[in-house]
Amino acid sequence: MAPHLLTLFTQPERAWQEIRQDETRNSLHYLVHLLLLSIIPALSLYMGTTVVGWSLAEDEVVRLASGSALQLSVALYAATVLGVLVMGGFVRWMARVFDTRPSFNECVGFIAYTATPLFIAGIAGLYPSRWLAVAVLLLAGAYSTFLLFVGVPVFMRLKQEQSFLYASSIWAVGLLVMVNVLVSVILHWHLYLTPEYV
């Protein structure tokens, strides 16, 4: 996991070639990457909402009770992993239109590595601030988009003209899945688990 993590940010095209080679040798190589990096946003959210808190008005700090924050963090972790699996399914389904026939594992692995900047951006949850979250998510989203467009031709072995359309489709569906999953987690947590504040 560590070599790919570094090269995704320093030499993305080379990273995709190495990830593709690993995929050929072991179709579940991405699993550790996905399961470990998905912990970052969940753990950061837990620490940020229980230790740091957030401010809705001047001189007022709101924190979640640890049990309530744990429920939210577990829900976020499960939703993150589920979202990557769902996206992997969509990537495989959309591949039917193009000259590539990736397996479900390849598609999930591709999405897991493409989402790496978003997982790491979860560190911003340590300090709950809507403006910080927006700024960090925009930067992470931009780099994930870059990884997507660089990775599709290399990982999926497509021609440049096909890969642009395929990557654009993945990006659009990914945005919808991400919004739906996150909104579902928040609504489920708020309506059914009843948040407790300190």
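FYI, the numbering just counts along the sequence from 1.
- Cluster annotation: Met94 is connected to Leu175 through the hydrophobic network of ILVMFWY side chains, with a link wherever side-chain heavy atoms come within less than 4.5 Å.
- For Trp54 against Pro128, the heavy-atom pair with the smallest separation is CB-O, 3.6 Å.
- Judged by distance alone, the side chain of Tyr77 and the main-chain N or O of Pro41 form no donor-acceptor pair under 3.5 Å.
- Counting heavy atoms from C-beta on, the side chains of Phe98 and Leu165 come closer than 4.5 Å.
- With rounding to the nearest 0.5 angstrom, the OG1 atom of Thr49 is 10.0 Å from the CG atom of Leu126.
- For the atom pair CG (Leu43) and OG (Ser38), the distance works out to 12.5 Å, reported to the nearest 0.5 Å.
- Val177 and Val108 fall within a single hydrophobic cluster, where Ile, Leu, Val, Met, Phe, Trp and Tyr are joined by side-chain heavy atoms under 4.5 Å apart, directly or via other members.
- By the neighbour-count criterion of 12 heavy atoms within 6.0 Å, atom CD of Glu161 is densely surrounded, having more than that number from other residues, nucleotides or ligands.
- Between the CG atom of Leu85 and the CG atom of Leu34 there is a distance of 6.5 Å, given to the nearest 0.5 Å.
- Put simply, OG on Ser103 and CD on Glu23 are 5.5 Å apart, with the number rounded to the nearest 0.5 Å.
- In this structure, Ser73 contributes its side chain and Leu70 its backbone to no donor-acceptor pair below 3.5 Å.
- The ring of Phe110 has its center closer than 6.0 angstrom to the ring center of Trp16.
- In this structure, the side chains of Ser66 and Tyr46 come closer than 4.5 Å at one or more pairs of heavy atoms.
- Gly53 and Val61 make their closest contact through CA-CG1, 4.0 Å (heavy atoms, listed as atom of the first residue, atom of the second, distance).
- Below 30°, between 30° and 60°, or above 60°: for Tyr113 and His29 the angle between ring planes is below 30°, a parallel geometry.
- If you take CZ on Arg92 and OG1 on Thr100, they are separated by 10.5 Å, rounding to the nearest 0.5 Å.
- Taking both residues in full, the closest heavy atoms of Ala112 and Val84 are given as N-CG1, 4.0 Å, listed atom of the first, atom of the second, then distance.
- No option in Gln17, His33, His4 other than His4 meets the side-chain hydrogen bond (donor to acceptor under 3.5 Å, both in side chains) test with Asp22.
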I would like to know whether Thr50 and Arg63 meet side-chain contact (heavy atoms from CB on, under 4.5 Å); could you show each step before the answer? CA-CA 5 Å; Thr50 57; Arg63 290 184 186 89; 5.9 Å; no
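- Side chains of Pro102 and Met156 form a contact here, defined as non-hydrogen atoms less than 4.5 Å apart.
- Residues Leu72 and Val185 form a side-chain contact, since some pair of their non-hydrogen atoms from C-beta on lies under 4.5 Å apart.
- A 4.5 Å side-chain heavy-atom check between Ile170 and Thr114 finds every atom pair outside the cut-off.
- Leu36 and Leu147 fall within the same hydrophobic cluster, defined by Ile, Leu, Val, Met, Phe, Trp and Tyr side-chain heavy atoms under 4.5 Å apart, directly or through other members.
- Put simply, the side chain of Ser68 reaches to within 4.5 Å of the side chain of Trp189, judged on heavy atoms.
- For Phe149, the CZ atom counts as densely surrounded, since its 6.0 Å shell holds more than 12 non-hydrogen atoms of other residues, nucleotides or ligands.
- Environment of CZ in Arg101: crowded, with over 12 heavy atoms of neighbouring residues, nucleotides or ligands closer than 6.0 Å.
- The number of heavy atoms from other shown groups lying within 6.0 Å of CZ (Phe9) is above 12.
- Side chains of Val152 and Phe164 form no contact here, defined as non-hydrogen atoms less than 4.5 Å apart.
- There is no path of hydrophobic side-chain contacts, each under 4.5 Å, that joins Val81 to Ile186.
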Checking side-chain contact (heavy atoms from CB on, under 4.5 Å) for the pair Leu37/Thr116: CA distance, chi angles, key distance, verdict? CA-CA 7 Å; Leu37 288 187; Thr116 297; 3.9 Å; yes
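- When every heavy atom of Ile39 is checked against every heavy atom of Leu35, the shortest pair comes out as CG1-O, 3.4 Å.
- Note that CD1 of Ile123 is 13.5 Å distant from CG of Leu45, once rounded to the nearest 0.5 Å.
- Salt bridge present: Arg20 and Glu106 bring a charged side-chain N and a carboxylate O closer than 4.0 Å.
- A perpendicular orientation is assigned to the rings of Phe90 and Trp93, their planes being inclined by more than 60° (bins at 30° and 60°).
- Here the side chains of Leu5 and Ile120 are in contact, with some heavy-atom distance below 4.5 Å.
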Decide yes or no on side-chain contact (heavy atoms from CB on, under 4.5 Å) for Glu196 and Leu64, but give the supporting numbers first. CA-CA 6 Å; Glu196 294 176 31; Leu64 285 175; over 6 Å; no
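- Here the shortest heavy-atom pairing between Gly109 and Tyr30 reads CA-CG, 3.4 Å.
- Considering all non-hydrogen atoms of both residues, Gly83 and Val181 come closest at CA-CG2, 4.3 Å.
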Apply side-chain hydrogen bond (donor to acceptor under 3.5 Å, both in side chains) to residues Thr145 and Trp171 and explain how you reach the verdict. CA-CA 7 Å; Thr145 300; Trp171 187 89; 2.9 Å; yes
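- At a threshold of 4.5 Å between side-chain heavy atoms, the hydrophobic network of Ile, Leu, Val, Met, Phe, Trp and Tyr places Phe104 and Val97 in one connected group.
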Do Val179 and Leu176 pass the side-chain contact (heavy atoms from CB on, under 4.5 Å) test, and can you show the C-alpha distance, the side-chain angles, and the key distance before you say yes or no? CA-CA 5 Å; Val179 168; Leu176 288 173; over 6 Å; no
